[in-house]
Amino acid sequence: MTDASGFVDLLRAVATRLQDHRDELNRLDGVAGDGDLGLTVSTACRAVLELAPTLESLPEAEAIRKCGTEIARRAPSTGGTLIAFALMAAAKAPAAPDTPPLERAAAYLEAAAGSIALRGQVEPGDRTMLDALRPAAEAVRAAADAGADPGSAARAAALAADAGARATATMPAKVGRAGWLADRAAGNEDAGARLIALAFAAASRSRERS
Amino acid sequence: MTDASGFVDLLRAVATRLQDHRDELNRLDGVAGDGDLGLTVSTACRAVLELAPTLESLPEAEAIRKCGTEIARRAPSTGGTLIAFALMAAAKAPAAPDTPPLERAAAYLEAAAGSIALRGQVEPGDRTMLDALRPAAEAVRAAADAGADPGSAARAAALAADAGARATATMPAKVGRAGWLADRAAGNEDAGARLIALAFAAASRSRERS
Amino acid sequence: MQKILNDPEPFVDEMLDGILAAHAGQLRRPSARAIVRADAPVGGKVGIATGGGSGHLPVFMGYVGRGLIDGAAIGNVFASPSSDDMLEVTRAISSGAGVLYLYGNYGGDRLNFDLAAELAADDGIEVRTILGADDVASAPPERASARRGIAGIFFLYKVAGAAAASGASLAEVVAVTERAAAGTRTMGVALSPCTIPAAGVPTFELPVGQMEIGMGIHGEPGVRRGPLETADEIARELTAAILADLPYRRGDEVGVLVNGLGATPREELYILYRSVARILGNEGIRVHRVWVGEYATSLEMAGASLTLIRLDDELRSLLDAPAETPFFVQA
Amino acid sequence: MQKILNDPEPFVDEMLDGILAAHAGQLRRPSARAIVRADAPVGGKVGIATGGGSGHLPVFMGYVGRGLIDGAAIGNVFASPSSDDMLEVTRAISSGAGVLYLYGNYGGDRLNFDLAAELAADDGIEVRTILGADDVASAPPERASARRGIAGIFFLYKVAGAAAASGASLAEVVAVTERAAAGTRTMGVALSPCTIPAAGVPTFELPVGQMEIGMGIHGEPGVRRGPLETADEIARELTAAILADLPYRRGDEVGVLVNGLGATPREELYILYRSVARILGNEGIRVHRVWVGEYATSLEMAGASLTLIRLDDELRSLLDAPAETPFFVQA
Ligand SMILES: Nc1ncnc2c1ncn2[C@@H]1O[C@H](COP(=O)(O)OP(=O)(O)O)[C@@H](O)[C@H]1O
Ligand SMILES: Nc1ncnc2c1ncn2[C@@H]1O[C@H](COP(=O)(O)OP(=O)(O)O)[C@@H](O)[C@H]1O
Ligand SMILES: [Mg+2]
Ligand SMILES: [Mg+2]
Ligand SMILES: [Mg+2]
Ligand SMILES: [Mg+2]
């Protein structure tokens, strides 16, 4: 069984970088929402960074699950709760004992995207986090199938998530209040989708340095 | 018995002009007070202008008294009430049937100043309306004693009131909250004193045009 | 940020410390972010739980008390509480007669309350859920179930709380509260933004002389932005949208809530009510009772909302029943 | 000016229209600017009259009701009512048991209430006067009688109202209310100015990051202006000034009022109370009961005041007595 040290390194890198985007995410969320996604993200990042030292010796799936429950406890906004559920779902993704890293990553991400679609009752094109997460999951799956190295898989995922987030700028929103405010939000990316893209960008950059 | 037509002309001229000083009086009152003397003044001026047509045929003292009761009813702030009482006191000033106009004016103003000192429990130098009103009353009395014409008496009163108001800028306040805020108010004239000076200036200007 | 606080980070926890210090006889705190009646669980009574983000006092915990609700889970400013805290509240108020979850329709709150309900069911606690979804500006009539909950939740708390206090069963409390919810509509205007303490900057910009019509309780943009109107015009716009939506009809009897969002003086709320009362009178709608004040706020946002609830005999007597919490007393 | 109104000119009259429309069962209006209990005069009871400028709701007329006061004369924003209206109130609430004038120490109000008292005496109504002068920041101790009245008047209304409701004579009501007044002290901080509707511009300027310590209820400047402090520091400064002034001593029992000036959210008032409670605990002063909310406002000014009242057995039970007005209910 894989231990969580690789996951924890990635977690630290992503959580550290995401905190720099607090105000940007607040601003994007404020266009049609309540302007607090950056606060949720910084609370969640602080929470998982505090948790990180206790995760390293755990099995990888257990570490992922614990991240989910911690975020659910400490940053339970809509976006935070959906991400928490997604992490918990990822932790349950079936993985044979020595599945290679990229295969595992693809399985986690597919489970995560599936959870968000299910729990959030959304489809691609609804202008949510899913619009960045699903393409990233697909890119990792494709890289895994093609036998690519983790670094290029991470780059591909980051590019796909970024393109997905950009595309939300022209999508009419379907969920929540935003559904009635399509015009006001027009031209602005969905905050949750941008968050996902920033997370994948951070992950990719951390791979490059390591 | 003198009818009120002369008084009403003066009243109209003064009340019309004072309304232009609303914001200035609010500002001065705001330095150590609550910033509403201009509002009181404009309410009072509107009230007496509405009343004016009903005053013309009355005896002069009765017209003065009615101005006082009207201001007491419609603009009863501290400054407004003291002015109302002062007008009512003026209306009671003893005047023999054919006292000449300047003599009458001097008697009214002395009674008014006395009322403010009594009702407001203040002395000259306490940084109030009295510091402009008392010198103006004295100037009119001096002009009457010297047999001056009404125009030059009005000019002298306006000058005296203005000098009195200016002098308040360096007086430490004694009444109300301002008493503890001498330093903050320093350099600013007392709002009520400036109001009196503006009223005498308006009176003097109206004499010159007539 | 002109706020009285020590540090934005523990803002909510320090607020709760203060509330508990002030009202220890009436409230207790089974976990850091859970507040319940001091005497919870009340034997034999249906428990009523609510919860949601902070920044809306007296919503949510301000309605915890006699004749109203039993407990509230407390989130960060404008953010859902955790399902853990909801479960704490549920356990602390459950006396075996079942628990009603009554809260506003927001994504995070729903996700977490639904999870808490599942966990409570594992404990053998029967949970039913009713969502406040009274904001007519938050979605068109054909998507009414997507509407957000705003100040109208006060009427739902009052109805559900009075019914539960009278000894009604869970099914009965649910039925009458659903009827109340079906007849409740709200719409508001915002005249200024507010600042989430941890964010430090206003949630949006609103130029002087403008107002936002239909703004959400978190500062979510409304249906449109326009020049600041007079009280009469605002009343006309709000009543027009509300009356047409149910619709309320000539001869209906209503309860009215004119709610201040935070910075708007009570004086202005009464000027607004003056206009509303005239319009309702002209429309032939009878006003049974009026509540004017701050019942559901958005920190220091300026503005107001108007809520109507259509009454029948039972709802009228439930609204009139006495209640007592540290934030709301009705004799 | 981000306000909900029609026209600054009839601001006060339209507000009164709204209040009367909302609460016709509880209040009536003997003249345009006078509000009394609907059932006034209450036979055999000492009548309590108050009054002052508008813009401070629930002060003044918000305390007109059962267990509190009987009537209020209503001035323009921040300006005294007329003696005519005070006399109207006096006549409408006089049942022959005498009338107490209980209002804040402001020049215009005093001039007019004194005149009204003279006119009432001509009518054969016995009038006694007590002034609220609780603002320790408004004059030094050696000129304590020159102090202005601010939020502490709430405690005086409560004490006088409960005493009168219990059937006490005018002399008895005066005695216990004077004792309450002698033990009541208040001080506040302002974090923003407010705007008188007819003036249209803020009453003063206060840069972001600054606060005014000891500001008056009309926005009169305080004892000093300084950097905006934390809740803990503000609590320290206010309690220090208040405790030293009476002085309150170890072992004293007090009632506490944390009052919001208008725009400050209730959340912040509780954070402030948290700090106050700790300090009072350390000083050995026992808190009997706490009121937190908007009890005396200055339109939409941001800020808060702290009031302590020293209690004895009689004052404690008068504070705890029930009361009910459209703005304040205590069960
Ligand atoms: N039903 C949903 N399904 C998937 N994602 C959603 C859903 N609702 C909201 N989101 C995502 O969550 C983001 C907002 O998160 P957050 O600010 O935490 O929400 P809130 O402040 O409303 O609790 C949105 O930008 C969107 O990407
Ligand atoms: N006791 C007093 N005696 C004489 N004049 C006074 C007294 N108190 C205040 N004034 C005058 O009244 C002016 C303020 O009037 P106004 O704004 O109407 O008072 P407020 O707003 O306090 O009711 C002061 O500038 C001062 O000249
Ligand atoms: Mg958000
Ligand atoms: Mg003034
Ligand atoms: Mg939120
Ligand atoms: Mg004033």
Side-chain angles (χ1 to χ4, degrees), chain C residues 1-7 11-12 14-19 21-23 54-55 57-58 62 189 191-192 206 208-209 211 228 230-232 234 256 258 262-275 277-278 290 292-294 297 299-300 302-304 322 324 326-327 329-331, chain D residues 1-7 11-12 14-19 21-23 54-55 57-58 62 189 191-192 206 208-209 211 228 230-232 234 256 258 262-275 277-278 290 292-294 297 299-300 302-304 322 324 326-327 329-331:
Chain C
M1 190 169 60
Q2 294 298 87
K3 290 186 187 282
I4 300 178
L5 46 76
N6 291 306
D7 181 7
F11 180 85
V12 171
E14 291 192 1
M15 166 194 82
L16 290 174
D17 290 348
I19 290 175
H23 309 299
S54 291
L57 282 176
V189 293
L191 275 63
S192 85
L206 186 63
V208 169
M211 68 177 184
L228 178 56
T230 65
D232 283 346
I234 291 170
V256 179
V258 178
T264 289
R266 208 89 70 100
E267 286 79 0
E268 296 175 30
L269 300 181
Y270 278 102
I271 290 176
L272 184 62
Y273 179 65
R274 171 182 176 273
S275 312
R278 290 176 176 209
V290 185
V292 179
E294 295 185 352
T297 61
L299 294 170
E300 71 285 345
E324 183 178 16
F327 290 73
V329 186
Q330 189 166 289
Chain D
M1 191 170 58
Q2 294 298 86
K3 290 185 186 283
I4 300 177
L5 46 74
N6 291 305
D7 180 6
F11 180 85
V12 171
E14 291 192 2
M15 166 194 81
L16 291 174
D17 290 349
I19 290 175
H23 309 298
S54 291
L57 282 176
V189 292
L191 275 65
S192 85
L206 186 63
V208 171
M211 66 177 186
L228 178 55
T230 64
D232 283 345
I234 292 170
V256 180
V258 179
T264 288
R266 208 89 69 100
E267 286 79 1
E268 297 175 31
L269 300 181
Y270 278 102
I271 289 175
L272 184 62
Y273 179 66
R274 171 182 175 273
S275 313
R278 290 175 177 211
V290 186
V292 180
E294 294 184 352
T297 61
L299 295 170
E300 70 286 344
E324 183 177 15
F327 289 74
V329 185
Q330 188 166 289

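Convention: sequence-line order gives letters A, B, ...; per-chain numbering from 1. Since the structure is predicted, the reported quantities are computational estimates derived from the model, not experimental observations.
Here Thr230(D) is the residue among Ile234(D), Leu269(D), Val258(D), Thr230(D) with the most heavy-atom pairs under 4.5 Å with chain C. Taking chain D as the reference chain and counting heavy-atom pairs below 4.5 Å, the highest number among Asp232(C), Leu299(C), Val292(C), Thr297(C) is found for Asp232(C). Across Val256(C), Val329(C), Asn6(C), the residue that shares the most heavy-atom pairs under 4.5 angstrom with chain D is Asn6(C). When each of Leu228(D), Leu5(D), Asp17(D) is checked for heavy-atom pairs under 4.5 Å with chain C, Leu5(D) comes out on top. Contact tally against chain D (heavy-atom pairs below 4.5 Å) for Pro322(C), Gly55(C), Ser54(C): the top residue is Gly55(C). Heavy-atom pairs under 4.5 Å with chain D peak, among Pro58(C), Ala331(C), Ala277(C), at Ala331(C). Per-residue heavy-atom pair counts under 4.5 Å with chain C were compared for Glu267(D), His23(D), Glu294(D), and the maximum is reached by Glu267(D).
Taken from NZ in Lys3(C) to CG in Leu191(D), the straight-line distance is 10.5 Å, to the nearest 0.5 Å. Atom CG in Leu272(C) sits 14.5 Å away from atom CE in Met15(D) (nearest 0.5 Å). Atoms CG and CD1, on Asp7(C) and Ile271(D) in that order, are 9.5 Å from each other to the nearest 0.5 Å.
Using a 4.5 Å cut-off between heavy atoms, Leu57(D) touches chain C through backbone and side chain atoms alike. For a residue to count as touching a neighbouring chain, one of its non-hydrogen atoms must lie under 4.5 Å from one of that chain's; by this rule Glu324(D) touches chain C with the side chain only. Of the two parts of Met1(D), only the backbone, made up of N, CA, C and O, holds a non-hydrogen atom closer than 4.5 Å to a non-hydrogen atom of chain C. With a threshold of 4.5 angstrom between heavy atoms, Ile19(D) approaches chain C through its backbone and through its side chain. For Ile4(C), the parts sitting under 4.5 Å from any heavy atom of chain D are the backbone and the side chain alike.
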(request) Would you sort out whether Gln2(D) and Val208(C) count as a side-chain contact (heavy atoms from CB on, under 4.5 Å), showing the intermediate values? (result) CA-CA 7 Å; Gln2(D) 294 298 86; Val208(C) 169; 3.9 Å; yes
(request) Applying side-chain contact (heavy atoms from CB on, under 4.5 Å), run through Glu268(C) and Phe11(D) and close with a yes or a no. (result) CA-CA 8 Å; Glu268(C) 296 175 30; Phe11(D) 180 85; 4.2 Å; yes
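Here the closest heavy-atom approach between residue Tyr270(C) and residue Ala22(D) is recorded as CE2-CB, 3.9 Å.
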